[in-house]
Amino acid sequence: MSDVLNYQDDCLFCKIIKGDIPSSKVYEDHLCYAFYDINPQAPTHFLVVPKAHIQSVSEITRFNEGIVGHIFTVIAKLAKELGFAEAGYRVVSNIGEAGQQTVPHLHFHVLAGRDMTWPPG
Ligand code: AMP
Ligand code: ZN
């Protein structure tokens with residue numbers, strides 16, 4: 001993927017990926033980075049982000065869609081390894097203002113370790 005090193009200087013998650021801001025790493029490969037959320041909403045709550053700076057799900061196109069499949073493969077693998085695949089869990093991506101996205105770098109929340117409620121707030 002050509003935009004893998006497309007870091008944005010003013011982006012919090014780009015800084016975390018580069019290591020300029022510390023994070024508690026769950027997993028890393030050449031395409032994505034996973035780290036624990038600083039404000040956990042479940043006993044297990046981590047974020048999986050592409051290393052490429054993509055703003056949100058709304059910026060996914062046929063040119064960069066491969067990263068989404070890769071991230072979900074990673075989530076499925078981590079869910080098994082961390083032991084919550086069988087019990088179940090939730091994957092969430094907030095998009096834009098009404099979606100309550102606060103960091104404009106595509107990320108998937110992975111929440112586990114409690115029974116979730118529906119509908120989400
Ligand atoms: P969202 O509101 O969907 O954009 O999600 C952003 C998430 O990033 C929130 O759940 C925050 O708690 C989390 N967050 C913000 N800053 C940090 C940080 N420095 N390290 C880990 N997670 C963070
Ligand atoms: Zn970024």
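Please read all numbers here as calculations on a predicted model, not as lab measurements. Just so you know, ligand 1 is whichever comes first in the structure, and atom 1 is the first atom listed for that ligand.
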Evaluate side chain to side chain contact (heavy atoms under 4.5 Å, CB included) for Tyr27 paired with Cys32, printing each intermediate quantity in order. CA-CA 8 Å; Tyr27 172 86; Cys32 70; 4.0 Å; yes
Do you know which two heavy atoms are closest between Ser93 and His107, and how far apart they sit? OG-O, 3.0 Å
When every non-hydrogen atom of His105 is compared with those of Ala52, the smallest separation belongs to NE2-O, 3.5 Å
Residue pair [X] / [Y], side-chain heavy-atom distance below 4.5 Å:
X      : Y     : answer
Val74  : Ile71 : no
Leu82  : Val26 : yes
Asp29  : His70 : yes
Leu106 : Glu59 : no
His30  : Lys51 : no
Ile17  : His53 : no

May I ask you to identify the nearest protein heavy atom to [atom], giving residue, atom name and distance to one decimal place in Å?
atom                    : value
atom 17 (C) of ligand 1 : Ile38 CG2, 3.6 Å
atom 16 (N) of ligand 1 : Leu12 CD2, 3.4 Å
atom 2 (O) of ligand 1  : Thr102 OG1, 2.7 Å
atom 9 (C) of ligand 1  : Asp37 OD2, 3.4 Å

Contact check, Gln41 vs ligand 1, heavy-atom distance below 4.0 Å: no
Does the residue Ile16 have a heavy-atom contact with ligand 1, meaning some pair of atoms that are separated by less than 4.0 Å? yes
Need the ligand 1 atom indices (1-based, order shown) with element for anything under 4.0 Å from a heavy-atom of [X].
X      : value
Gln100 : 2 (O)
His107 : 1 (P), 3 (O), 4 (O), 5 (O), 6 (C)
His109 : 1 (P), 3 (O), 5 (O), 7 (C), 10 (O)
Asn39  : 12 (O)
Gln101 : 4 (O)
Tyr36  : 21 (C)

Heavy-atom pairs closer than 4.0 Å: do any link ligand 1 to the side chain of Phe35, the backbone, both, or neither? side chain
So for Phe13 against ligand 1, with non-hydrogen atoms under 4.0 Å, the contacting part is side chain
Do Ile67 and Phe46 belong to the same hydrophobic cluster, where Ile, Leu, Val, Met, Phe, Trp and Tyr are linked whenever their side-chain heavy atoms lie under 4.5 Å apart, directly or via other members? yes
Tally of protein N/O/S atoms under 2.8 Å from the Zn ion (ligand 2)? 4
Do the ring planes of Tyr89 and Phe84 sit parallel (below 30°), tilted (30 to 60°) or perpendicular (above 60°)? perpendicular
Just by distance, no angles: are the side chains of Ser23 and Tyr33 close enough, under 3.5 Å, to form a donor-acceptor pair? yes
Before giving the answer on side chain to side chain contact (heavy atoms under 4.5 Å, CB included), spell out for Val110 and Leu78 the whole-Å C-alpha distance, their side-chain angles and the decisive distance to 0.1 Å. CA-CA 10 Å; Val110 179; Leu78 291 174; over 6 Å; no
